[in-house]
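Notes for the one structure printed next.
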Amino acid sequence: MVQERYNHQAVEKKWQDIWYAGQDFVASEQSAKPKAYILDMFPYPSGDGLHVGHPEGYTASDIFSRYLRMTGKTVLHPMGWDAFGLPAENYAIKTGTHPSETTKTNIATFKRQIQSLGFSYDWSREVNTTDPEYYKWTQWIFLKLFEHGLAYEAEAPINWCPKDQTGLANEEVVGGKCERCGTPVEKKNIRQWLVKITDPKYIERLLNDLDTLDWPESIKQSQRNWIGKSEGAHITFALRGITGQDEDKHSVQVFTTRPDTIFGATFLVISPELAKSWLSIGWKASSQVTDYVAKALATSDIDRQNDSKEKTGVDTGIRAMNPANGEAIPVWVADYVLGGYGTGAIMAVPGHDERDFAFAKKYELPVRRVVEPKFVATSGESAVKEGQDFVKRNVICAIIRNPKDGKYLCVEWKPVHMHGLITGGLEEGEDMVQAALREIHEETGYKNVRLVRNPEFAIHSLFYHRVKKVNRWGRFNYLFFELENEEQDLRTEEDKKLMDIVWKREDELTGFFSVIEGEFILNFIKNPNYIHTAAGVLANSGQYDWLDSAEASKQIVAWLQKQGKGKSAVNYKLRDWVFSRQRYWGEPIPIVHCPKDGNVAVPEEDLPVMLPDVKKYEPTGTGESPLANIEEWVNTTCPKCGGPAKRETNTMPQWAGSNWYFLRYCDPHNSKQLADPEKLKVWLPVDTYIGGAEHAVLHLLYARFIYKFLRDIGSVPNTLPDEPFTKLINQGLILAEDGQKMSKSRGNVVNPDLVVREYGADSLRMFEMFMGPLNDTKPWNTRGIVGVKRFLDRAWAVFMKISSENQNGKLSLANGKSRSIHKLVKDITNGIQAFELNTCISSFMKFFNGEENQPDWRPKLNSSEEWERVSETGLAIDLEAAEKFIILLSPFAPHLAQELWGQLGHSDQVHSQQWPTFDAAKVIAENVEVVVQINGKVRDKFTVVANTDDEALKSKALASDKIQKWLDGKAPKKVIVVKGKLVSIVV
RNA sequence: GCCGCUGUGGUGGAAUUGGUAGACACGCACGACUCAAAAUCGUGUGGGGCAACCCAUGUCGGUUCGACUCCGACCAGCGGUACCA
């Protein structure tokens with residue numbers, strides 16, 4: 001045995017020094033090779049340093065970058081710092097240390113830690129969002145937004161901590177309370193800068209272009225939900241009874257996605273915000289209404305959340321005219337209608353909306369059902385016949401309950417298999433109740449039943465009527481009866497032959513009905529308050545009855561439009577982006593407020609507007625940033641008129657710097673423009689972007705928006721795609737060993753420095769990849785790391801042996817002997833391309849251990865006797881395979897691979913070698929094991945040479961003693977052969 | 001509630017996409033080396049049974065010669081979202 005051990009500390013340091021001193025990973029625009037842009041989400045350099053979650057994504061992107069370089073690509077793989085933000089500022093409040101000091105220290109720590117892992121970043125392109133040379137361009141982008149009318153000032157509600165007297169970012173609000181002091185957070189309207197991400201020029205592109213991206217479906221879905229597009233209509237309701245107003249002239253517009261339900265609108269609800277605006281233009285409302293509005297508006301969203309979902313509201317006394325049927329319906333004000341969405345007013349359709357229903361129940365408002373569920377038979381004997389018209393019928397269906405035992409009366413038809421309820425058509429002059437009573441008596445003989453609920457539920461069932469030979473469209477009206485007593489006329493023998501009467505408990509009804517709508521009926525039976533919120537067929541809607549929801553919506557909107565009372569409309573949940581923070585440690589917003597000229601942009605040549613030093617970092621208490629206290633900075637002159645003016649004191653949010661950093665990497669030192677378009681053309685778009693799913697919505701949406709904007713104004717060449725990140729990969733969260741999130745307060749954080757010192761950077765890299773699929777959430781397990789450590793140590797020992805044998809001249813070559821290297825090349829290549837890096841590691845181990853513990857490229861050397869034996873006889877190895885193995889391993893464990901590469905006598909860098917290729921014919925094993933199944937169970941196995949034909953496999957399987965025993969003389973019914981895999985015998 | 005994802009040994013996970021479930025690794029047990037320990041190496045390791053065999057991929061059902069994989073219903077966990085009409 002070789003006693004000397006791999007000294008990872010010395011080896012890793014040695015190669016890192018060489019790599020970072022040289023130009024090995026510097027990306028050049030001049031290269032003739034095809035480009036690849038592999039991007040990591042840049043970190044916020046926190047005071048805690050790196051934790052083991054960071055290197056997971058960095059390792060994956062580094063493996064991919066190193067792989068791509070070896071396949072002949074020029075790879076741009078940069079790193080930088082998203083360094084503005086709150087922790088540094090809070091630290092400054094506590095200690096007085098300037099955030100720029102803290103930031104500098106933290107960046108140094110992060111950089112040292114990242115470099116200790118041997119990542120192949122191009123450090124010449126490092127960016128830092130707090131560098132004036134960088135934020136000059138962040139400010140420039142803001143000016144462009146302002147210039148194009150996409151940045152504007154407005155009063156907007158923000159999270160406000162009344163104790164700290166400051167605005168808070170959403171991230172600082174935890175469970176409705178201030179992160180720092182625990183005080184419940186309020187909503188407060190303060191002057192803000194907003195960016196118009198909802199601009200029609202962008203919102204549809206932000207939504208539709210998602211379809212073109214190779215991103216995880218879940219992230220695309222989150223963005224779609226966040227944008228929240230709803231298609232529907234604006235409908236105008238005339239108002240009566242607004243006292244203090246010119247009555248006839250008043251109307252209210254509602255937004256609805258369901259114009260088909262308009263005949264079911266039994267009241268109208270306006271938001272407190274809308275009510276306030278009506279009050280402000282002279283509506284003389286009752287004190288109840290004004291009190292309610294005042295109270296609702298004083299309550300923050302967060303408080304509303306903390307309260308129960310119990311809905312509250314007040315009748316305004318106003319009446320609205322339903323434009324569909326002219327009906328006057330009451331107008332209520334309630335806080336379950338949001339002021340900021342749609343028109344701030346809704347038509348309430350309690351028959352088909354859960355929230356409206358709950359409100360209607362509470363305040364005893366009428367419920368009217370106007371959409372009925374629809375079922376179409378598409379399979380079996382009752383399947384609707386294509387091309388034939390439907391015969392429409394109103395029919396009744398009786399649900400009869402025996403109150404004594406709670407059972408329901410059902411019928412089983414005998415000639416055709418049909419389990420159902422008492423059903424029948426209406427005869428001339430009958431109403432539904434009469435028809436039901438008649439059918440009940442005719443079919444069952446029961447004489448005394450009592451109607452308990454009106455026929456309010458109906459289901460449309462479309463099927464082929466096998467007896468009448470027509471397509472039937474039945475509207476089944478459900479009537480609920482109770483059996484008063486069991487008095488019953490005798491049923492005729494003929495009736496008894498035709499059908500049985502059975503009584504079923506409620507729980508026995510599940511699965512009993514044989515009609516397509518059968519299971520659905522249970523909703524009505526089990527829940528008297530069932531309301532149908534899905535689409536269906538219209539009823540109680542005049543000329544629109546029997547129409548499907550979609551068609552009815554179309555016709556109703558068209559009809560309303562003709563009256564000038566409605567038109568189709570689209571609404572989005574996405575709001576404009578609050579772009580200001582009342583904080584110090586951010587980019588100053590480059591705007592000057594002039595009493596004469598209003599908001600004036602700082603001229604481009606005066607950028608950057610430098611962030612000045614302050615003495616105190618505490619918020620001012622007025623909702624202004626600490627910058628407001630620096631008079632000599634705030635007071636300036638208007639760039640337009642030269643008169644006295646004041647600087648904007650709000651700063652930008654952290655997103656501002658991270659929106660566009662991937663552009664700056666393409667040309668990080670440009671002082672003339674944010675990046676040279678020619679350089680952008682070389683590198684963009686980002687081919688692969690790796691980062692955490694916590695940025696699923698905000699960062700990735702904002703960055704897409706800013707990119708589209710910059711492309712529209714020509715800063716990004718329009719020959720490039722309209723999306724910046726072609727492929728996105730999420731790394732999953734790494735949890736602590738206890739299965740919880742790693743956090744300082746829990747004391748379960750794993751420090752990568754300690755892991756690197758103990759096990760080495762290569763072990764950490766390999767282990768993070770080995771833990772599982774990249775995008776899974778998975779717990780850290782320090783004990784598990786010894787597995788990869790052992791593997792690397794073994795590899796080192798074996799190659800050291802090879803090296804020494806080589807120097808002793810005892811190495812004999814068996815090049816081309818190894819077949820398994822071909823499979824390894826294939827597995828690693830495919831694994832890297834698919835980012836299945838966990839299985840790559842096990843492929844390495846398998847190759848190294850060898851099939852059945854016998855590697856085919858070297859003698860197995862696992863005992864000292866064997867070592868001594870080969871030392872005497874000489875070591876025969878497939879050196880080509882051995883070198884390929886090192887090359888394949890190098891993206892994963894670059895230090896060890898480089899060291900071994902040198903030990904084998906190479907003086908160049910392993911990362912600049914050609915990526916190996918494989919011979920497909922040698923990937924397939926020479927011999928394959930074939931299994932023999934009988935009725936799906938494995939009964940025998942045998943080994944044959946690969947490519948044995950099907951017939952030979954079949955006869956070999958049938959000839960087997962074991963199989964003959966199982967067949968027991970019976971002839972196989974069927975034999976299925978899967979080439980090179982199995983023989984399946986059916987008996 | 002809604003949207004999305006995930007359920008496989010004691011643990012992390014694998015399974016060529018419908019073809020031998022548990023690869024690879026951790027842990028554990030036993031053995032070798034050692035005065036001893038660590039390290040290292042070897043053997044074994046889903047459960048039941050002496051065995052032939054049987055059971056087993058969250059649960060129940062279906063399709064199939066054959067299901068972790070496809071379909072239906074349900075359960076559990078994680079993440080996002082919160083009255084968006």
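Because the structure is a prediction, the values reported are computed rather than measured. By convention in this document, chain letters (A, B, ...) are assigned in the order of the sequence lines, proteins followed by strands, and residues within each chain are numbered from 1. Quick note: numbers below take in every heavy atom, side chains included, and nothing from hydrogens, waters or symmetry partners.
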What nucleotide, of [options], holds the atom closest to the side chain of [X]?
X        : options             : value
A/Lys937 : B/A85, B/C55, B/C65 : B/C55
A/Pro773 : B/A14, B/C3, B/G4   : B/A14
A/Arg794 : B/A85, B/C26, B/C41 : B/C41

If the cut-off is 4.0 Å, is A/Arg790 near the phosphate of B/C26, judged by side-chain N/O to OP1 or OP2?
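Answer is yes, contact under 4.0 Å.
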Out of the candidates A/Arg765, A/Met766, A/Gln731, only one should pair with A/Thr59 under the side-chain contact (heavy atoms from CB on, under 4.5 Å) rule; please name it.
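So, applying the side-chain contact (heavy atoms from CB on, under 4.5 Å) to A/Thr59 and each of A/Arg765, A/Met766, A/Gln731, only A/Arg765 qualifies.
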Taking C-beta and beyond as the side chain, do A/Asn775 and A/Pro216 meet within less than 4.5 Å on heavy atoms?
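SC-SC contact between A/Asn775 and A/Pro216 ruled out.
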Can you tell me how far P of B/C83 sits from CE of A/Met347, to the nearest Å?
20 Å
Whole Å only: how far is the CZ atom of A/Phe359 from the P atom of B/A85?
19 Å
Distance-only donor-acceptor test (3.5 Å): side chain A/Lys311, base B/C83:
yes
Where each residue is assigned the nucleotide of RNA chain B containing its nearest heavy atom, which of A/Gly339 and A/Asn781 is assigned the position nearer the 5′ end?
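Counting from the 5' end, the first nearest nucleotide belongs to A/Asn781.
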Any protein N or O atoms within reach of nucleotides 18-24 of chain B? Criterion: under 3.5 Å, listing atom names and distances.
unit_1: B/G19; atom_1: N2; unit_2: A/Gln933; atom_2: OE1; d: 3.0
unit_1: B/U20; atom_1: O2; unit_2: A/Lys941; atom_2: NZ; d: 2.8
unit_1: B/U20; atom_1: N3; unit_2: A/Glu929; atom_2: OE1; d: 3.1
unit_1: B/U20; atom_1: O4; unit_2: A/Glu929; atom_2: OE1; d: 2.9
unit_1: B/A23; atom_1: O2'; unit_2: A/Lys846; atom_2: NZ; d: 3.1

In dot-bracket form, 5' to 3', how is RNA chain B paired? Count Watson-Crick and G-U wobble pairs only if both distances fall under 3.5 Å, and write | where the partner sits on another strand.
(((((((..(((......[....)))((((((.......))))))(((....)))..(((((..]....))))))))))))....
What contact category does A/Lys778 fall into here, base, sugar-phosphate, or nothing, at under 4.0 angstrom with non-hydrogen atoms?
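If one applies the 4.0 Å heavy-atom cut-off, A/Lys778 turns out to touch the sugar-phosphate alone, with no base involved.
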